[in-house]
Amino acid sequence: MFNSISAQASKLVSLTKSKSVVSKTKLLTITSGKGGVGKSTFTANMAYLLARRGFKVAVIDADIGLANMQVLFDIKPRYSLFDYIEGRNTIEEVISPTAYENISLIAGKSGYQYSSLKTSLVLTRIVDDVKSLNNFDYIIIDTGAGLNEYVQEFLSISDNILALTTTDPSALTDVYALIKMLSKDKEKLLICFNHTKNYNIGETISKSLVNLAKKNRLNSNFMVKYIGNVSTSANISTTSRLRKLFVQEFTHDEITLQLQKIIDILLKEIK
Ligand SMILES: Nc1ncnc2c1ncn2[C@@H]1O[C@H](COP(=O)(O)OP(=O)(O)OP(=O)(O)O)[C@@H](O)[C@H]1O
């Protein structure tokens, strides 16, 4: 089994090397250091708001081994990302439509063991292939938590990286580790706070992170840009439990307006 996966991986890697993709599709990678900060919920709701603005969005659930995007979109996809990786299905086949207009999902698979593909560029290849279809305005990648090699591979191919964090000290420590890593070869990190009690706290903490980076003499050309804050709301988890999207159910809620503001900034920032 692993041998055949490796063979498939090598084939994909060699294809990757020979390909240069020209596409209208822009890539946004959403990451967090710590798990459970609300990344998947945020991604699904952002995808919905972008789609409502007329953009065609493909969401890739890259939370290896812990796929929950299909639950948020309330679909049972026939195929997952791994059916493509393992060569059983084409890229078109693993892109599942959702009940939401303009949103497609490349689903993950819970419990998937990914160790045999560790050092390959298979993930890069998947993104390139979705771009090549030229069907989407945006690909949004929901990475898993942490900074493992899969997350690093997605970060390495994206110039638009958004870190979602809470104000929890361990989440902030992880975000700082991300800043340190990205400052070596990226230009910018967008940062957004979730689950906050005080709407202004995100901006204040972002400034502290930037000051810490200066103090530690991280690359001065690297920019950390604060793009907004999403407050805590009990209705977010309630709607997720009901497998509905908050922003669709609560169109005029303060949280939806906060997310709309974030989209306004994102659209200007994404290259
Ligand atoms: N702003 C918010 N206010 C209240 N609850 C929230 C908020 N954002 C997310 N949640 C809830 O927090 C929980 C974790 O969210 P989610 O699963 O999206 O996190 P995650 O970062 O993707 O987790 P993982 O790292 O495990 O994939 C869910 O119950 C979700 O409904």
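Counting starts at 1 for both ligands and their atoms, in listed order. Counting begins at 1 with the first residue of the sequence.
- Taking distance alone, with nitrogen or oxygen atoms compared against 3.5 Å, Asp63 approaches ligand 1 more closely than that limit.
- Here Asn194 has side-chain heavy atoms under 4.0 Å from ligand 1, and that is the only part of it that gets that close.
- Less than 4.0 angstrom separates some heavy atom of Gly35 from each of these atoms of ligand 1: 25 (O).
- One finds the CG atom of Asn135 at 11.0 Å from the CD1 atom of Ile91 (value rounded to the nearest 0.5 Å).
- Inclusion of Ser40 in the set of residues having an N or O under 3.5 Å from an N or O of ligand 1 is warranted.
- Salt bridge absent: Lys56 and Asp137 never bring a charged side-chain N and a carboxylate O closer than 4.0 Å.
- Looking at Thr239 and Leu245, their side chains never come closer than 4.5 Å, going by heavy atoms from C-beta outward.
- Every residue was checked against the salt bridge (charged side-chain N to carboxylate O under 4.0 Å, His left out) condition with Lys26, not counting sequence neighbours, and none meets it.
- Scored by the side-chain contact (heavy atoms from CB on, under 4.5 Å) test, Ser40 finds Asn68, Met69, Leu72, Asp142 as partners (sequence neighbours excluded).
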Problem set entry | Audit row: Leu267, Phe55, side-chain contact (heavy atoms from CB on, under 4.5 Å) steps and yes/no | CA-CA 11 Å; Leu267 290 175; Phe55 295 110; 3.9 Å; yes
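- Salt-bridge check for Asp129 with Arg125: passed, with a basic side-chain N closer than 4.0 Å to an acidic carboxylate O.
- Near Ser237, the atoms of ligand 1 lying under 4.0 angstrom from a non-hydrogen atom of the residue are 29 (O), 31 (O).
- Residue Ser32 does not touch ligand 1, judged by heavy-atom distances below 4.0 Å.
- The heavy atom nearest to atom 16 (P) of ligand 1, considering only Thr196, Ile255, Thr41, is found in Thr41.
- Ligand 1 has a nitrogen or oxygen under 3.5 angstrom from a nitrogen or oxygen of Gly38.
- Taking atom 2 (C) of ligand 1 as the reference point, the nearest protein heavy-atom neighbour is Ile236 CD1, 3.4 Å.
- At most 12 heavy atoms of other shown residues, nucleotides or ligands fall within 6.0 angstrom of atom CD in Glu101.
- Where the criterion is an N or O separation shorter than 3.5 Å, residue side chain and backbone included, Val37 meets it with respect to ligand 1.
- Per-residue contacts place Lys39 under 4.0 angstrom from the following atoms of ligand 1 (heavy atoms of the residue considered): 18 (O), 19 (O), 20 (P), 21 (O), 22 (O).
- Phe250 places none of its side-chain heavy atoms less than 4.5 Å from the side chain of Ser233.
- Of the candidates Gly146, Ala44, Ser233, Ala145, it is Ser233 that places a heavy atom closest to atom 3 (N) of ligand 1.
- Here the protein heavy atom with the shortest distance to atom 12 (O) of ligand 1 is His195 NE2, 4.1 Å.
- Considering both main-chain and side-chain atoms, Gly36 comes within under 3.5 Å of ligand 1 through a nitrogen or oxygen pair.
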For this session: Output, in order, the C-alpha distance, side-chain angles, deciding distance and verdict of salt bridge (Lys or Arg N to Asp or Glu O under 4.0 Å) for Arg53 and Asp264.
Result: CA-CA 11 Å; Arg53 292 190 188 199; Asp264 290 339; 2.8 Å; yes
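- Proximity to Asn68 (heavy-atom distance under 4.0 Å) selects the following atoms of ligand 1: 17 (O).
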